[in-house]
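Read through the structure below, which is laid out as structure tokens, and then see the notes.
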Amino acid sequence: MIDVNLLNQVLDRRAFLSHAATAMTGVALTRLLAEDSFLLKAEAAPAGGSIPVRHIPPKAKQVLHIFCPGGVSHIDLWEHKPELEKRHGQALPGAGSFLSFQGKNGPLMKSPWQFQPAGQSGKKISSLLPHLSRHVDDIAFVHSMTSRTNTHGPGCIFMNTGFVREGFPSAGAWISYALGSANQNLPTYIAIPDIRGEPPNGKANWSNGFLPAQFQAVAMSAQNPIRNLNLPPGVSSVEDAATREFLRDLNESHAATHPGETELRGRMAAYELAARMQLAAPEVSDFTGEPPHIQELYGINDGNSLKAAYARNCLLARRFLERGVRYLSLYCASRASGVDGLLNWDAHKTLRTDYERHCPIFDQPTAALLSDLKQRGMLEDVLVLWTTEFGRMPTSQEGTSGRDHNPDGFTCWMMGAGIRGGISYGSTDEFGRRAAEKITSVYDFYATALRLLGLDHERLTFRHNGADRRLTDVHGEITSEILA
């Protein structure tokens, strides 16, 4: 039963609210300074976890994680294989009766596209990516990545969480937990799904897992901004603030008697953030202030509606990062569809048609985002990760002109803060079938990323079900060769 007298007192506190607004500005500034200071502890440790700290001097403060679901073919975009061209149409040596994800494989199949040298490094990259090829001197390619699964859903969450099962925190959630927010009016962690839909296994890719609920991502995009941010008709801002204060009192009282219910704490934090986002979110989603040359750079008005939608998400990503979002996951493509390769990079049957549809959507907007971050000086602080869940076979899938799944060797890359660009680390074998040199795991990838953020992957833990859990599980070595 609500105490009416108490409610009236809260609703009459206009003077208090006026002073509180000024006071909170000071509190917010103090917190921002604390969160960005080296080796300053978080305000309080969430239940089950140690107080996160930066362990080593950081090179990066934010992360942009670009994810292309569907299993992008490394040998058609990133890693040139001359031997595959020479032996096109021949049987894959040693394959015998090998069965991949969807069954039998045909002969070796060269890439339908030419690879061309780019940049001062001369890195060969597919002619499908003329815009991204201009960035090769800033990228560290990891050509020896491996996965533990050849299935899309588990593969996506493995690349995002380090585990093939759902229920584990994503990398963004871990980093949000460790470093906290770098802004007061927007979420610490944002996921931007593609207009075509969520990736395989959906929200598990940006879940908080067993970490407290406030560390999961908030999903939004240029096409689907957060709903219900505006006040209802007839409700003033003062009434809204007073009501929220009253609800906060009730929630705090309940939370104090139920300290283990992190979902409640997460919901309280979400509502408080939503109140601040009423002003911030509409502004960040408004592109009208962007000059025409920037809009053209990204292609937000392109005649290809899918490209224009992804371009708008790329521009939104830059605006979020510009305003201090700590971790941002940007998706290009979505779940698999009834027709392979239609909605994502899963080119089982018609590789040429599929990739000539996907690459124009991906290439210009992604390259524009990287160029924009660079010219604004933001890559001094932003670490860029590009990943997919696995690669493709160097053979054709039997009876098709597509490629089957290949978790045994594929490419991911890093760029930006703390990265030594213009290098290729590791490689697959001469055909692109298996990682052969400097074999790399998802754990190594994230151990390296955490190092750049000032975090020791072995010390960033959270106790769950009697075990000190890590993003890198019990594995992971830092790939020092790609660090600047």
Side-chain angles (χ1 to χ4, degrees), residues 31-46 48-65 140 142 158-163 168-183 187-190 206-212 214-217 321 324-329 378-385 387 412 414-420 440-464 467-484:
R31 186 176 177 188
L32 278 173
L33 293 172
E35 285 169 343
D36 241 13
S37 297
F38 174 59
L39 284 180
L40 276 181
K41 296 181 178 181
E43 292 178 0
S50 58
I51 297 177
V53 297
R54 280 198 172 105
H55 305 123
I56 39 187
K59 297 281 186 73
K61 296 179 181 178
Q62 298 168 273
V63 177
L64 166 63
H65 186 175
V142 179
F158 180 61
M159 183 56 72
N160 281 296
T161 72
F163 292 85
F168 290 87
S170 61
W174 276 110
I175 291 168
S176 298
Y177 161 67
L179 300 182
S181 177
N183 75 91
T188 304
Y189 176 23
I190 292 177
W206 52 81
S207 169
N208 59 293
F210 47 73
L211 292 178
Q214 63 262 39
F215 299 116
Q216 65 186 306
L321 291 168
V325 169
R326 179 75 71 185
Y327 198 103
L328 196 143
S329 296
M378 293 174 64
L379 290 181
E380 296 297 316
D381 293 326
V382 177
L383 171 64
V384 182
L385 313 176
T387 64
C412 294
M414 295 187 184
M415 175 181 173
I419 291 297
R420 183 161 65 96
T440 309
S441 69
V442 170
Y443 311 112
D444 302 329
F445 195 76
Y446 281 123
T448 306
L450 290 175
R451 168 63 182 84
L452 290 169
L453 289 159
L455 297 165
D456 182 340
H457 72 103
E458 293 183 344
R459 294 169 62 192
L460 177 58
T461 64
F462 189 92
R463 194 156 190 84
H464 176 67
D468 289 330
R469 289 292 192 178
R470 294 168 18 197
L471 171 59
T472 54
D473 197 15
V474 294
H475 313 283
E477 298 290 337
I478 294 170
T479 308
S480 57
E481 290 92 327
I482 70 173
L483 301 182

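Atoms considered below: every heavy atom in the structure, side chains included; atoms not considered: hydrogens, waters and symmetry mates.
Residues that satisfy the side chain to side chain donor-acceptor pair (under 3.5 Å) test with Ser441, not counting sequence neighbours, are Asp444. Checked against ring pair (Phe, Tyr, Trp, His ring centres under 6.0 Å), Trp174 has no partners two or more places apart in sequence or in another chain. In terms of the side chain to side chain donor-acceptor pair (under 3.5 Å) criterion, residue partners of Thr387 (sequence neighbours excluded) are, by chain and number, His65.
Between the OG1 atom in Thr188 and the CG atom in Leu179 there is a gap of 10.0 Å [rounded to 0.5 Å]. Atoms CD and CE, from Gln62 and Met378 in turn, are 6.0 Å apart once rounded to the nearest 0.5 Å. If you take OG on Ser207 and CG on Asn160, they are separated by 10.5 Å, rounding to the nearest 0.5 Å. Here Ile482 contributes atom CD1 and Met415 contributes atom CE; the two are 13.5 Å apart, rounded to the nearest 0.5 Å. Glu458 contributes atom CD, which lies 8.5 Å from atom CD1 of Ile478 (distance to the nearest 0.5 angstrom).
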**side-chain contact (heavy atoms from CB on, under 4.5 Å) assessment of Gln214 paired with Ser176** = CA-CA 9 Å; Gln214 63 262 39; Ser176 298; over 6 Å; no
**Request:** Determine, step by step, whether Val384 and Leu379 satisfy the side-chain contact (heavy atoms from CB on, under 4.5 Å) criterion, reporting the C-alpha distance in whole Å, the side-chain angles of both residues, the deciding distance to 0.1 Å, and the verdict.
**Result:** CA-CA 8 Å; Val384 182; Leu379 290 181; 3.9 Å; yes
**Prompt:** Could you walk me through whether Val442 and Phe158 pass the side-chain contact (heavy atoms from CB on, under 4.5 Å) check?
**Reply:** CA-CA 8 Å; Val442 170; Phe158 180 61; 3.5 Å; yes
**Full working for side-chain contact (heavy atoms from CB on, under 4.5 Å) between Leu321 and Asp381** = CA-CA 10 Å; Leu321 291 168; Asp381 293 326; over 6 Å; no
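Between Arg326 and Gly180, the closest heavy-atom pair is NE-O, 3.0 Å. Among all heavy-atom pairs drawn from Met159 and Tyr446, the shortest one is O-OH, 2.7 Å. The shortest non-hydrogen separation linking Gly324 to Asn183 is O-ND2, 3.3 Å. Scanning both residues, Lys59 and Ala484, for their nearest heavy atoms gives NZ-O, 3.5 Å. When all heavy atoms of Leu455 and Ala178 are compared, the closest pair comes out as CD1-CB, 3.8 Å. Pairing each heavy atom of Val325 with each of Pro187, the nearest pair is CG2-O, 3.7 Å.
In terms of modelled atom types and a separation under 3.5 Å, the side chain of Ser170 and the main chain of Thr161 share no donor-acceptor contact. A distance-only check finds no donor-acceptor pair linking the side chain of Arg451 to the backbone of Asp456 [under 3.5 Å]. For the pair Arg469 (side chain) and Thr461 (backbone), a donor-acceptor distance under 3.5 Å is absent. Between the Arg470 side chain and the His475 main chain, a donor and an acceptor come within less than 3.5 Å of each other. Looking only at distances, no side-chain donor or acceptor of Gln216 sits under 3.5 Å from a matching main-chain atom of Ala173.
A 4.5 Å side-chain heavy-atom check between Leu471 and Leu460 finds every atom pair outside the cut-off. Contact check for Arg420 versus Leu483: no side-chain heavy atoms found under the 4.5 Å cut-off. For the pair Val142/Met414, no side-chain contact is recorded, criterion being any heavy-atom separation below 4.5 Å from C-beta on. With a 4.5 Å cut-off on side-chain heavy atoms, Glu477 and Tyr443 do not count as touching. By the 4.5 Å heavy-atom criterion applied to side chains, Ile175 and Leu450 are counted as neighbours. Side chains of Pro169 and Leu211 form a contact here, defined as non-hydrogen atoms less than 4.5 Å apart. Looking at heavy atoms from C-beta onward, Phe163 lies in side-chain contact with Asp473 at the 4.5 angstrom threshold. Looking at heavy atoms from C-beta onward, Ile419 lies in side-chain contact with Leu383 at the 4.5 angstrom threshold.
Phe462 and Tyr177 have their aromatic ring centers within a separation under 6.0 angstrom.
Classification of the Tyr189-Tyr327 ring pair by plane angle, with boundaries at 30° and 60°, yields perpendicular.
Within 6.0 Å of CD in Glu481 there are more than 12 heavy atoms belonging to other residues, nucleotides or ligands.
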